[in-house]
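Everything below concerns the one structure shown next.
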Amino acid sequence: FTGVTTKSAAQATLSFGTNQIIQNIKDASEIGKKETIKIVKRFDDFAKDVNNEGFYNSVKNLYLQDQKKIKETYLFHR
């Protein structure tokens, strides 16, 4: 520490602290990118399933079954 002045120590401390903050931001950004990619992949997989003909038929059948139950309940309660 020979020849170290207060100004250079403060500058070094500020530089080190700034570098640490920047590194933390980069790390958080990388984690965020990875999570975003996972979410987009899940969404794409879901979209592929939705475009599948079988998916629409399944939803249609469930809807029709539900409508039938509603009509039966309505008739029963009259």
Side-chain angles (χ1 to χ4, degrees):
F1 285 78
T2 307
V4 174
T5 64
T6 305
K7 185 177 179 182
S8 64
Q11 187 177 11
T13 302
L14 179 63
S15 177
F16 177 76
T18 303
N19 287 338
Q20 290 297 313
I21 291 170
I22 297 297
Q23 186 61 44
N24 288 340
I25 291 171
K26 284 181 180 179
D27 292 344
S29 176
E30 285 299 318
I31 291 170
K33 285 179 187 177
K34 289 177 184 177
E35 291 300 315
T36 302
I37 289 170
K38 286 180 187 178
I39 291 169
V40 169
K41 183 171 178 354
R42 286 183 184 170
F43 183 77
D44 285 345
D45 291 344
F46 177 75
K48 288 177 187 175
D49 290 343
V50 168
N51 290 330
N52 185 353
E53 182 79 21
F55 177 80
Y56 286 118
N57 288 334
S58 297
V59 171
K60 180 181 174 183
N61 289 336
L62 288 173
Y63 174 77
L64 292 175
Q65 289 174 2
D66 188 50
Q67 290 300 311
K68 184 177 177 183
K69 287 180 184 178
I70 290 172
K71 286 180 183 177
E72 289 173 356
T73 304
Y74 179 73
L75 293 174
F76 180 73
H77 287 290
R78 269 191 145 186

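What you see is a predicted model; the values in this text were computed from it and never measured.
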*What distance separates Thr18 OG1 from Leu14 CG, expressed to the nearest 0.5 Å?*
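Output value for this atom pair is 4.0 Å.
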_Let me confirm one number: the NZ-CD1 distance from Lys26 to Ile31, rounded to the nearest 0.5 Å._
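With rounding to 0.5 Å, NZ (Lys26) is 14.5 Å from CD1 (Ile31).
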So do [Y] and [X] actually touch side chain to side chain, heavy atoms under 4.5 Å?
X: Gln11; Y: Ser15; result: no
X: Lys68; Y: Leu64; result: no
X: Ile39; Y: Arg42; result: no

_Any side-chain donor near an acceptor of the partner, Asn24 and Gln20, under 3.5 Å_ =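 No.
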*Would you say the side-chain atoms of Thr36 pair up with the backbone N or O of Gly32, donor to acceptor, closer than 3.5 Å?*
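Yes; judged by distance alone, with no hydrogens or angles, the pair exists.
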*Contacts of Lys38 that satisfy salt bridge (charged side-chain N to carboxylate O under 4.0 Å, His left out) - sequence neighbours left out*: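 Counting only residues at least two positions away or on another chain, Lys38 forms a salt bridge (charged side-chain N to carboxylate O under 4.0 Å, His left out) with Glu35.
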